[in-house]
Every structure is written in structure tokens, then in C-alpha cells.
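Everything numeric here is computed off the predicted structure, so don't read it as measured data. Because only heavy atoms are used, hydrogens play no part in the values below, and waters and symmetry mates are left out as well, while side chains stay in.
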Amino acid sequence: QVQLVESGGGLVQPGGSLRLSCGVSGMDFRTLEMRWYRQAPGKERNLVAIIDVTGRRKTYDDSVKGRFIISRENSKKAVFLQMNDLKHEDTAMYFCNARLGQRAAWGQGTQVTVSS
């Protein structure tokens, strides 16, 4: 089975930056569409960004457009989320998600806390 492990979360002040990483194993990474989701306490899990198998097409939720950048390095079997100008409302558990057709796999999540 495909396995995903996120890292890079932490505590950051408003306006700061973090770079999240997600390593993938158990499947050819080049065949996977990769996504980042986030879930704040008491709220539903929401899609943040998508990157296609080639890395040429990227999609972002309106709440992060212009601030977050999703990227992938197929040679490293990893996807990244560069988060800039972080805001209080970005506080959430961030999850990496891999998709092949209708099948999906999830990482354990990494906590991002934006606080002054």
C-alpha cells in the first residue's frame, strides 16, 4: 500500500512562513495526483491545493491563493507546500493525500499553529 508521511509543521507567528513536506512510499510516485488538505478543530477537512502527476498543473483554494505554493519532486517521491504570509485562520492539521483514480491514501498529518 502507498504510505505518506508529513513533516515540517510547527508554531509560527502571523506573517511567517513554513514549508511542509510529504514523503511517499509503496507506489510509483509519478502516477499519483497529490493534494494537501487541512482540518481545524471542530471543522471539516478542506482541500488546500492539488498538483497533477506532471507538476505542471496546480490548483489552490481561494483562501490560500497568492500565499501558498504546492510543488513536487518526483526523484525524491515528495510533495511540498510552501506557506507564506501565514494567518491565524491557517491554523490546522495539514494532511497529505495521494490519489490514483478513485483510490486515495492519507498521511498522519502535521500540525500548523499560527499564533502571536
Side-chain angles (χ1 to χ4, degrees):
Q1 288 186 278
V2 60
Q3 294 186 334
L4 291 72
V5 180
E6 302 98 332
S7 63
L11 176 64
V12 65
Q13 293 185 319
S17 298
L18 285 174
R19 182 176 173 85
L20 305 184
S21 300
C22 174
V24 178
S25 64
M27 187 175 291
D28 187 352
F29 183 73
R30 296 171 298 176
T31 69
L32 302 174
E33 177 193 80
M34 301 300 299
R35 301 183 177 193
W36 285 99
Y37 286 77
R38 65 185 180 184
Q39 186 170 25
K43 298 185 178 180
E44 64 184 10
R45 188 171 297 184
N46 296 316
L47 179 65
V48 176
I50 307 171
I51 188 166
D52 75 350
V53 297
T54 70
R56 293 195 293 268
R57 294 186 178 184
K58 304 173 182 180
T59 304
Y60 299 94
D61 183 76
D62 287 342
S63 66
V64 305
K65 284 182 179 178
R67 299 189 297 120
F68 289 13
I69 302 172
I70 188 170
S71 62
R72 67 191 294 159
E73 294 185 27
N74 287 348
S75 63
K76 297 182 178 180
K77 298 181 179 180
V79 64
F80 307 93
L81 186 67
Q82 178 66 46
M83 305 184 295
N84 301 313
D85 190 24
L86 284 161
K87 304 176 179 180
H88 289 290
E89 54 263 41
D90 294 319
T91 294
M93 184 73 73
Y94 283 72
F95 297 91
C96 184
N97 173 260
R99 300 202 175 197
L100 177 60
Q102 295 301 309
R103 295 192 296 130
W106 295 88
Q108 84 289 350
T110 185
Q111 179 67 40
V112 173
T113 301
V114 184
S115 177
S116 60

So if you build clusters from Ile, Leu, Val, Met, Phe, Trp, Tyr with side-chain heavy-atom gaps below 4.5 Å, do I50 and M34 land together? no
Quick one: does L20's side chain get under 4.5 Å of E6's, heavy atoms only? no
Taking only residues two or more places apart in sequence, or in another chain, which ones meet Y37 in a ring pair (Phe, Tyr, Trp, His ring centres under 6.0 Å)? W106
Non-hydrogen atoms of R56 and D52 that approach each other most closely: N-OD1, 3.1 Å
Residue pairs passing the disulfide (SG to SG under 2.5 Å) test with at least one member in residues 4-102, sequence neighbours excluded, are C22-C96
Testing the basics here: between L86 and V12, what is the closest heavy-atom pair and its distance to 0.1 Å? CD1-CG1, 3.5 Å
Do F68 and D61 come within less than 4.5 Å of each other through their side chains, counting heavy atoms only? no
To the nearest 0.5 Å, atom CZ of R72 lies from atom NZ of K77 at 12.0 Å
Has K58 got a side-chain atom pairing as donor or acceptor with I70's backbone, closer than 3.5 angstrom? yes
Nearest 0.5 angstrom please: L11 CG to Q111 CD, how far? 10.0 Å
Should V53 and W36 be counted in the same cluster of Ile, Leu, Val, Met, Phe, Trp and Tyr side chains packed under 4.5 Å apart? no
Answer yes or no: is there a donor N or O on one side and an acceptor on the other, between the side chain of Q108 and the main chain of V5, under 3.5 Å? no
Is any side-chain heavy atom of Q82 closer than 4.5 Å to a side-chain heavy atom of S17? yes
Could you list the residues that satisfy salt bridge (charged side-chain N to carboxylate O under 4.0 Å, His left out) with K76, not counting sequence neighbours? E73
Minimal non-hydrogen separation, L4 against A98, with atom names: CD2-N, 3.7 Å
Out of curiosity, does F95 fall in the hydrophobic cluster containing V112 (side-chain heavy atoms, cut-off under 4.5 Å, transitive links)? no
What are the two closest heavy atoms between S71 and V79, and how far apart are they? O-CG2, 3.1 Å
Closest non-hydrogen atoms of M93 and G109, given as atom of the first, atom of the second and distance, are SD-C, 3.6 Å
I want to check something: taking the side chain as every heavy atom from C-beta on, are S7 and T110 in contact at a cut-off of under 4.5 Å? no
Using 0.5 Å steps for rounding, measure from the CD atom of Q13 to the OG atom of S115. 8.5 Å
Cluster link F80 to Y94, ILVMFWY, side chain under 4.5 Å: no
For R45, enumerate each residue passing the salt bridge (charged side-chain N to carboxylate O under 4.0 Å, His left out) test, keeping only those at least two apart in sequence or located in another chain. none
For Q3, I'd like to know if atom CD has over 12 heavy atoms of other residues, nucleotides or ligands within 6.0 Å. no
Going by the rule salt bridge (charged side-chain N to carboxylate O under 4.0 Å, His left out), which residues pair with K65 if we only count those two or more places apart in sequence or in a different chain? D62
Please identify each residue that fulfils salt bridge (charged side-chain N to carboxylate O under 4.0 Å, His left out) with R38, with sequence neighbours left out. D90
Give a yes or no answer on whether the side chain of R67 reaches the backbone of D85 with a donor-acceptor pair at less than 3.5 Å. yes
Residues, nucleotides or ligands: over 12 heavy atoms within 6.0 Å of R103 CZ: no
Could you measure the distance from the NE2 atom of H88 to the OG1 atom of T113? Nearest 0.5 Å is fine. 11.5 Å
Any side-chain heavy atom of Y60 within less than 4.5 Å of one from I51? no
Within a radius of less than 6.0 Å around CD of E89, do more than 12 heavy atoms belonging to other residues, nucleotides or ligands occur? yes
Please report the closest heavy-atom contact between A104 and N97, naming both atoms and the distance. CB-ND2, 3.8 Å
